[in-house]
Amino acid sequence: MFADKIVLTGVKPTGMPHLGNLAGAIKPAIDMSNEANKAFIFIADLHALNAVRDSNLIGTWTHEVAATYMALGLNLEKAALFRQSDVPEIYKLTVFLMNVASKGLMNRSHAYKALIAENEANGKDTDFGINMGLFTYPILMAADILLYNTDLVPVGKDQKQHVEMARDIAGSLNNIYGEELLVVPEPVIQKVAAAIPGLDGRKMSKSYQNYVPIFAQQKALKKSIMKIVTDSKRPEDPKDPDESTIYQLYQHFASKEEADAMRQQFTDGGLGYGDAKKMLFEMIDKTMAEPREKYYDLLAHPEKIEDVLMAGAERARVVAKETVDRVSKAMLGRIV
Ligand code: TRP
């Protein structure tokens, strides 16, 4: 389905992701990249700068995110995995795009508006704590996308508006300087992201503290799964699988047959929550054993991660340079 497409996605470095991210965003992005004609997956370290003030943290988190994609089977022949800041063409394209992106477009950003609303609610100056990195975030993100002639951008719902802004900005530039300059991208929204419940039944999220880290070690994994909140039904009582966090999580890791079997046992009654949790633990543990080992091995050998990121950047730069040269020629009459 994506065999002739260029797929790109950016991931902010935020440390080890959780199982909700895995099922909702990472796995679909990896699958899509592996099916695509070409894929670009990068760690958006420049985007982290508007909030993270500790360079060590950015470095560690970048490695953790890169190792996650490597451990989970991203096909590195097809996909260039790289760090945003290692492709210096991004700085040039961002400056070029600044001049066709309207301020009004930035004002409409949901993320920016939410911060303004929060400031107002707290009786602070509307622009309190808002730096220009944050305000112009959508322009840097547009540059990320447009630099690589991207057709499709797999993202969560929260990022849809940003991709639409990239379309808008590409459209403006093409309008002024020539229709063929930039490829206008499409967002591909990953719908399941919101449907993955955390340990307390609410959406799995770092901010709710109800998450399971993707590569939790066996003991920690078991402990968190045992903490899943359930109601007081007895083992013999019939239970609604669609209301059960255990089943909801299980079906993301199990085969269709295995998931159907648990579903049946829930509906018929006879499967207690304790046993169901044990099945869930064993399923996740089995699925994650190999990637987990790979992940920790990579983190213990950061030079292996760096090699991949450097090779990825080199490949990414070939396309990035072509794009920037094209835009530079159109806007300045020469290649800079
Ligand atoms: N803004 C995205 C996020 O917060 C990360 C990102 C940066 C991105 N550049 C991108 C996503 C380009 C897709 C395409 O999750």
Side-chain angles (χ1 to χ4, degrees), residues 2 5-18 20-22 24-30 32-33 36 38-52 58 61-62 64-66 68-69 74 79-87 89-91 93-94 97 101 105-106 108-115 131 133-170 182-190 193-194 203-207 309 312-313 316 319-320 323:
F2 311 120
K5 300 289 187 200
I6 300 179
V7 169
L8 168 140
T9 200
V11 194
K12 269 209 289 198
T14 51
M16 194 201 293
H18 55 64
N21 303 133
L22 172 68
I26 302 173
K27 203 75 178 85
I30 290 180
M32 206 166 149
S33 301
K38 244 198 257 169
F40 297 93
I41 297 200
F42 64 91
I43 298 99
D45 58 343
L46 297 171
H47 272 115
L49 286 177
N50 72 59
V52 187
I58 295 186
W61 287 347
T62 297
E64 289 182 7
V65 172
T68 300
Y69 280 81
L74 179 68
L81 177 68
F82 61 101
R83 182 163 39 205
Q84 186 183 28
S85 58
D86 282 334
V87 179
E89 284 74 17
I90 191 72
Y91 309 109
L93 189 60
T94 300
L97 297 184
L105 187 68
M106 299 301 107
R108 289 194 288 278
S109 157
H110 299 320
Y112 168 67
K113 276 168 49 181
L115 288 173
N131 56 52
L134 195 146
F135 184 62
T136 61
Y137 189 104
I139 303 180
L140 179 59
M141 182 156 157
D144 288 332
I145 298 170
L146 303 174
L147 204 47
Y148 305 101
N149 305 323
T150 306
D151 298 303
L152 302 174
V153 189
V155 281
K157 246 197 347 247
D158 63 317
Q159 296 295 318
K160 180 166 180 245
Q161 187 196 28
H162 288 147
V163 181
E164 280 161 0
M165 288 181 170
R167 289 174 60 85
D168 196 307
I169 293 168
L182 294 172
V183 174
V184 180
E186 300 271 347
V188 180
I189 306 305
Q190 331 254 264
K203 176 187 171 183
M204 189 178 286
S205 156
K206 276 214 166 145
S207 45
L309 292 178
V319 188
T323 305

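Read the numbers this way: they start at 1 and go in the same order the structure lists the ligands and their atoms.
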Exercise. Do Y148 and F42 have ring centres separated by under 6.0 Å?
Worked result: no

Exercise. Checking side-chain contact (heavy atoms from CB on, under 4.5 Å) for the pair L81/I43: CA distance, chi angles, key distance, verdict?
Worked result: CA-CA 8 Å; L81 177 68; I43 298 99; 4.3 Å; yes

Problem set entry | Shell of residues surrounding ligand 1, defined by a 4.0 angstrom heavy-atom cut-off that is strict | L8, T9, G10, K12, F42, A44, H47, Y137, M141, D144, I145, V153, V155, Q159

Exercise. Among K12, Q84, R83, which residue meets the side chain to side chain contact (heavy atoms under 4.5 Å, CB included) test with L46?
Worked result: Q84

Seminar exercise, completed: Partner of L182 under side chain to side chain contact (heavy atoms under 4.5 Å, CB included), picked from I169, L146, N149, is L146

Exercise. How are the rings of F40 and F82 set to each other: parallel, tilted or perpendicular (split at 30° and 60°)?
Worked result: perpendicular

Problem set entry | Residue K206 excluded, over 12 heavy atoms near NZ under 6.0 Å | yes

